[in-house]
Protein chains: 2
Amino acid sequence: MRDTVQKRQYANNHISIDSVVLGFDEQQLKVLLVPQQVNMDGKIIIYRKFPGNIIYQDEDMEEAAHRTLEELTGIHGVSMYQFKTYGSRNRTSKPKDLIWLQQTLNIKVERIVTTAYLSFVKLDANILHSTKRYAVTWVPVNNVGELAFDHNTLLNDALAYFRKLVDYCPLIMFELLPRKFTILQLRTLYEFICQKEMDVRNFQKKMVQMEYVVPMDEHEEGVRHRAARFYKFDKVIYNKTRR
Amino acid sequence: MRDTVQKRQYANNHISIDSVVLGFDEQQLKVLLVPQQVNMDGKIIIYRKFPGNIIYQDEDMEEAAHRTLEELTGIHGVSMYQFKTYGSRNRTSKPKDLIWLQQTLNIKVERIVTTAYLSFVKLDANILHSTKRYAVTWVPVNNVGELAFDHNTLLNDALAYFRKLVDYCPLIMFELLPRKFTILQLRTLYEFICQKEMDVRNFQKKMVQMEYVVPMDEHEEGVRHRAARFYKFDKVIYNKTRR
DNA sequence: GCAAAAGTGTTGGGCATACACCCATGA
DNA sequence: TCATGGGTGTATGCCCAACACTTTTGC
């Protein structure tokens, strides 16, 4: 796909895609950011933003979401959940954002409508390796600082959407967890989502009841306390039980 | 607002707004449609579509949603819930839709990205009167026939979104019900939303427990059975109890 | 008086909550 | 042996679901 990029035409300078990619490093929830580098009066300033770009004339929006994400981060093959479209007149009014649009995309626009997508990755050695060639950073969602455009708003909306999504579709949690996970990891993630602490015993009980969370024979190794059992998520059972 | 319409400039020919407006006529849920009239080889063909139009260069999207709805239906002052943006290449590919865009909006476009909003009105004499000057029709949501563009998809998504929305925000139901309503009306609406029948006694009980559904002294009149009590929705109590 | 819908209570089961102690392991 | 976190059972209250008959009214 990357080979054809140069030949294609932007739909226009007004419609873009941004992707909020979440990952869970077994302690906390992190979000993927790419640099927004601006040359302001000869001084290089770096902000951060979500990966995204203008869509092409001949591609569907979700296609554009996948393409821009891969171009900017190397990540591909993830599910994308469209959560909101932003079209405020003022969202592209900060001087540094305007300069960036001109210097980087080589376009002059008064406004850009952007459709935001949310996706989830397993934040493991695999993903860290495949994104190594790109200037991406993973930042704890509670500590992103000031982002470009209205991306701080995007993040808040993305997290709110994420919390509701999990209600309807707990499957999402297993997109974030490693293939083998402990109940502690699952609980840490769940507590972040619900924003409250869970009772250890009750949580354990609830997980055992869910047939699609299946215990493995493996346990943790090298921990200086009793080793926790690993569990895995069974998609087949999940689809059966939830119709 | 309508006076300035002619002087303003479309942002471009690629971004539009469509509004799915739901109303409840005390029996069933209906949706508001406007005609899409096309002159095809001298023959006038009429389809139906949701009210909507291209946005202006200098207006926010939600502003555009309110404006287009008022221009096409006279409805104003309603809440608007953005639920999805549609950008498939093929969504404006049907010949009749292309002709309509050319004949009515006088534009030639390959594709239009549209952001869809959902809103709710009390389907009473008031709204029927204020929309009388416009060519609007109210059609049962289960029986809309073939709509223009991808508007059948929009409707399905709108209804799915509506159902989830009510979960988080039961207030929506009272935007649809008349100011004075009976428990039967509320239950009919609720059953449509949940797509299953509710037990009469359990439902009654649940409603009585909700402090923001307050019984009135009035009863139905002229019914040939025991008259039902009217209830009203108290927003103040609602906001208190739901923080 | 009859047809049609309103209104009204009780019971049982399942689910969420609250709560404290022993176990396995590495240092 | 100690520090650390893993793993387990029981009792209680609440909410939800199931279920049938009497009341009011117009015709």
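Note: hydrogens, waters and symmetry copies are ignored here, and every other heavy atom, side chains too, is used. Note that the structure is a prediction, hence the values are computed from the model and not measured.
When the C1' atom of dT25(C) is taken as reference, atom CD of E220(A) falls 11 Å away, rounded to whole Å. Between R187(B) atom CZ and dG7(C) atom C1' the separation is 11 Å, expressed in whole Å. The separation between H219(B) atom NE2 and dA5(C) atom P is 18 Å, rounded to whole Å. Rounded to a whole Å, the CG atom of D199(B) is 14 Å from the P atom of dA6(C). Put simply, CE on M210(A) is 11 Å from P on dC15(C), counting in whole angstrom units. Q209(A) has its CD atom 13 Å from the C1' atom of dT17(C), to the nearest Å. Rounded to an integer number of Å, the gap from R224(B) CZ to dC2(C) C1' is 12 Å.
In the set dC23(C), dG26(C), dA6(C), the nucleotide with an atom closest to the side chain of R226(B) is dA6(C). Nearest to the side-chain atoms of N202(A) among the listed nucleotides dA20(C), dG7(C), dA18(C) stands dA18(C). The side chain of H225(A) has dT25(C) as its nearest neighbour among dG26(C), dA4(C), dT25(C).
The neighbour count for R224(B) CZ, taken as heavy atoms of other residues, nucleotides or ligands under 6.0 Å away, does not exceed 12.
If you check the side chains of T115(A) and T85(A), you find a donor sitting under 3.5 Å from an acceptor. Judged purely by distance below 3.5 Å, without hydrogens or angles, the side chains of Y86(B) and D18(B) never pair a donor atom with an acceptor atom.
V223(A) comes within contact range of the sugar-phosphate backbone alone, with a heavy-atom separation under 4.0 Å but no base atom that close. Residue I183(B) is out of contact with every strand shown, counting any heavy-atom pair closer than 4.0 Å.
Applying the 3.5 Å distance criterion, the base of dT17(C) shares a donor-acceptor pair with the side chain of K205(A).
Between V78(A) and the options L69(A), V21(A), I127(A), a side chain to side chain contact (heavy atoms under 4.5 Å, CB included) holds for only L69(A). Evaluated for a ring pair (Phe, Tyr, Trp, His ring centres under 6.0 Å) with Y190(A), the options F203(A), F174(A), F24(A), F181(A) yield exactly one hit, F203(A).
Between R67(B) and E63(B), no side-chain nitrogen of the basic residue sits less than 4.0 Å from a carboxylate oxygen of the acidic one, so the salt-bridge criterion is not met.
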Apply salt bridge (Lys or Arg N to Asp or Glu O under 4.0 Å) to K122(A) and E175(A), showing your working.
CA-CA 6 Å; K122(A) 297 184 197 300; E175(A) 290 191 25; over 6 Å; no
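A nucleotide of DNA chain D counts as in contact with chain A when one of its atoms lies under 4.0 Å from a heavy atom; the first and last such, 5' to 3', are dT4(D) to dT10(D).
If G222(B) and A227(A) are placed on DNA chain D by their nearest nucleotide, the residue sitting closer to the 5' end is A227(A).
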